[in-house]
Amino acid sequence: LIIKQLVSMLHDKGSAAQEQAAAALANLARDSTDNRTSIVDAGGIVPLLALLESDSAKAKENSVSAITQLANKSPANQSAIAKAGGIVPLVTVLNAAANNMKEAAAADLSSLCAAAITQLCKHNPANQAAIVEAGAIQSLVSMLGSPNPVLNANAAGALSALSRDSADNQSAVARTGAIAPLCALVREGSPDTKEQSASALWSLSTDNAPNKATIAKLGGIEPLVGLLVSVSTDQSDKAGDYASGALASLASKHAENRTTIAKRLVALLNSKQPERAVRVLAALAKLSADSAANQVAIAKTGG
């Protein structure tokens, strides 16, 4: 009943009730599959999308947050949002905000839009293609150059999700010059930014020979190795997983990268830090699994 009332409040144009209702729905949708289902069943998607064209910046922010939560881990909701015409206005909001990132409100809004894009296109090829067609890539890449670490992390995460298992999107992202800043952010970014940038390099390099070569030429291997062996308490386990995944992807079907990565990892086996050695061993295991070429490369380097 509360959700139905909140959805009805989304129709109160020009009212603060819209902002409050969208914010409440975003909170209710967070971490609750049942609530997400109830919001969709109550017809919440269409009025939430309508708020993307609101004159209120806060209404837009709250609407984007609610859309993000509805799309989270829900292919059905992802498709429903796209079917309701949500992708083009979302990308329009993203592009407008990204063009004005010097203002704090615009920076926050563009960051929220990037997070929404990540959720909308996870394991959803149709949405991946639609978001790229709507023109999101250039704005996301421009966000990588921001001094704001939250912007960096969300943009890298969105680029990762857009590029995953999509050769066309991998090429489209690479053509914008995204690889260079992503390599730099793996080295110099905040913990979250490093993690999401490693994920993006993994997505961009999977079964893509030109991108594998470009990442290596732009110095992407060394910071990935550094991230892999980081034992910093502020670094999540996902960071190591993404780094090892990216390294395995870079080594796959690429002899030069394979040799470089094998040498670098084998050299680290002499580490006197147990945590670092464990991460290196796990990465070598991932490289060796189902890859005779990687097994031979590790052996040839004295591993």
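Note that the coordinates shown come from a computational prediction; the quantities given were computed from them, not determined experimentally.
- The two atoms that bring S139 and S142 nearest to each other are O-OG, 2.6 Å, heavy atoms only.
- Within a 6.0 Å radius of NE2 in H123, no more than 12 heavy atoms belonging to other residues, nucleotides or ligands are found.
- When only modelled atom types and interatomic distance are considered, K212 and S205 share no side-chain donor-acceptor pair under 3.5 Å.
- Clustering ILVMFWY residues whenever any of their side-chain heavy atoms sit less than 4.5 angstrom apart, transitively, puts V266 in the very cluster that holds L268.
- Side-chain N/O atoms of S56 and E19 include a donor and acceptor closer than 3.5 Å.
- When atom types are taken as modelled, the side chain of S252 and the backbone of A248 share no donor-acceptor pair closer than 3.5 angstrom.
- The shortest side-chain heavy-atom distance between R164 and W202 falls under the 4.5 Å cut-off.
- A283 and L265 get closest at one heavy-atom pair: CB-CD1, 4.2 Å.
- In this structure the side chain of L25 reaches within 4.5 angstrom of the side chain of L10, judged on heavy atoms.
- No donor-acceptor pair under 3.5 Å is formed between the side chain of S249 and the backbone N or O of G245.
- For N208 and Q170, the side-chain atoms include at least one donor-acceptor pair closer than 3.5 Å.
- Between A71 and N77, the shortest heavy-atom distance links the atoms CA-CB, 4.4 Å.
- Remark: I137 CD1 to L94 CG distance equals 11.5 Å, nearest 0.5 Å.
- A donor and an acceptor atom, one from each side chain of N154 and S111, are located under 3.5 Å apart.
- Open room surrounds NZ on K263; 12 or fewer heavy atoms of other groups in view lie less than 6.0 Å from it.
- Using modelled atom types and a 3.5 Å distance limit, the side chains of N169 and S163 yield no donor-acceptor pair.
- Of all non-hydrogen atoms in V91 and A134, the two that sit nearest each other are CG1-O, 3.4 Å.
- Distance CD/E195 to CG/D241: 9.0 Å, rounded to 0.5 Å.
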Verdict with supporting geometry, L52 and L49, side-chain contact (heavy atoms from CB on, under 4.5 Å): CA-CA 5 Å; L52 294 175; L49 293 176; 4.0 Å; yes
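- Annotation for I2: atom CD1 does not count as buried by contact number, only 12 or fewer foreign heavy atoms lying within 6.0 Å.
- Distance check: L151 CG to S110 OG gives 4.5 Å after rounding to the nearest 0.5 Å.
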Identify each donor-acceptor pair in which a side-chain atom of residues 115-122 lies under 3.5 Å from a protein atom, sequence neighbours left out, and give them as a table.
unit_1	atom_1	unit_2	atom_2	d
T118	OG1	A114	O	3.1
T118	OG1	A158	N	3.2

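- The two residues A98 and M101 have their closest heavy-atom pair at O-CG, 3.4 Å.
- Side-chain contact of Q78 with N127: a donor-acceptor pair under 3.5 Å is absent, judged by distance alone.
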Criterion side-chain contact (heavy atoms from CB on, under 4.5 Å) on L224 and L228, from CA distance to verdict: CA-CA 6 Å; L224 285 169; L228 170 70; over 6 Å; no
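- Looking at heavy atoms from C-beta onward, N124 lies in side-chain contact with S79 at the 4.5 angstrom threshold.
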From CA spacing to verdict: side-chain contact (heavy atoms from CB on, under 4.5 Å), I179, C183: CA-CA 6 Å; I179 290 176; C183 290; 4.0 Å; yes
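- Counting heavy atoms from C-beta outward, S38 and K4 have side chains that stay 4.5 Å or more apart.
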Verdict with supporting geometry, L218 and L182, side-chain contact (heavy atoms from CB on, under 4.5 Å): CA-CA 10 Å; L218 293 175; L182 286 169; over 6 Å; no
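- Separation of atoms OG (S288) and CD (Q295) is listed at 5.5 Å; rounding is to 0.5 Å.
- No continuous path of ILVMFWY side-chain contacts below 4.5 Å connects Y242 to L140, so the two sit in separate hydrophobic clusters.
- Between L159 and L144 there is a side-chain heavy-atom pair separated by less than 4.5 Å.
- Summarising the local packing, CG of D12 is surrounded by more than 12 heavy atoms from other residues, nucleotides or ligands at distances under 6.0 Å.
- A heavy-atom distance below 4.5 Å is not found between the side chains of I221 and R264.
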Intermediate values then yes/no, side-chain hydrogen bond (donor to acceptor under 3.5 Å, both in side chains), K60 and S54: CA-CA 6 Å; K60 287 181 180 178; S54 169; over 6 Å; no
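- In this structure the side chain of V186 reaches within 4.5 angstrom of the side chain of L201, judged on heavy atoms.
- Taking 4.5 Å as the limit, every side-chain heavy atom of T68 sits out of range of all side-chain heavy atoms of L112.
- Using modelled atom types, one side-chain atom of N152 and one backbone atom of M143 make a donor-acceptor pair closer than 3.5 Å.
- In this structure, S171 contributes its side chain and A167 its backbone to a donor-acceptor pair below 3.5 Å.
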Donor-acceptor contacts under 3.5 Å from residues 296-303 side chains, at least two apart:
unit_1	atom_1	unit_2	atom_2	d
T301	OG1	A297	O	3.3
T301	OG1	I298	O	2.8

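- Nearest heavy-atom pair, N27 versus R30, reported as atom, atom and distance to 0.1 Å: OD1-NH1, 2.9 Å.
- Residue L281 holds its CG atom at 13.0 Å from CZ of R276, rounded to the nearest 0.5 Å.
- Hydrophobic clustering of Ile, Leu, Val, Met, Phe, Trp and Tyr side chains at less than 4.5 Å, counting indirect connections, unites L227 with L269.
- Although no hydrogens or angles enter the test, the distance criterion places no donor-acceptor pair under 3.5 Å between the side chain of R36 and the main chain of L70.
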Candidate pair Q196 and S160, rule side-chain hydrogen bond (donor to acceptor under 3.5 Å, both in side chains), full reasoning: CA-CA 7 Å; Q196 294 303 320; S160 175; 5.6 Å; no
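- A side-chain donor from one of R258 and N294 sits under 3.5 Å from a side-chain acceptor of the other.
- Looking at T193, its side chain does come within 3.5 Å of a backbone N or O of P149 through a donor-acceptor pair.
- To the nearest 0.5 angstrom, E133 atom CD is 13.5 Å from Q128 atom CD.
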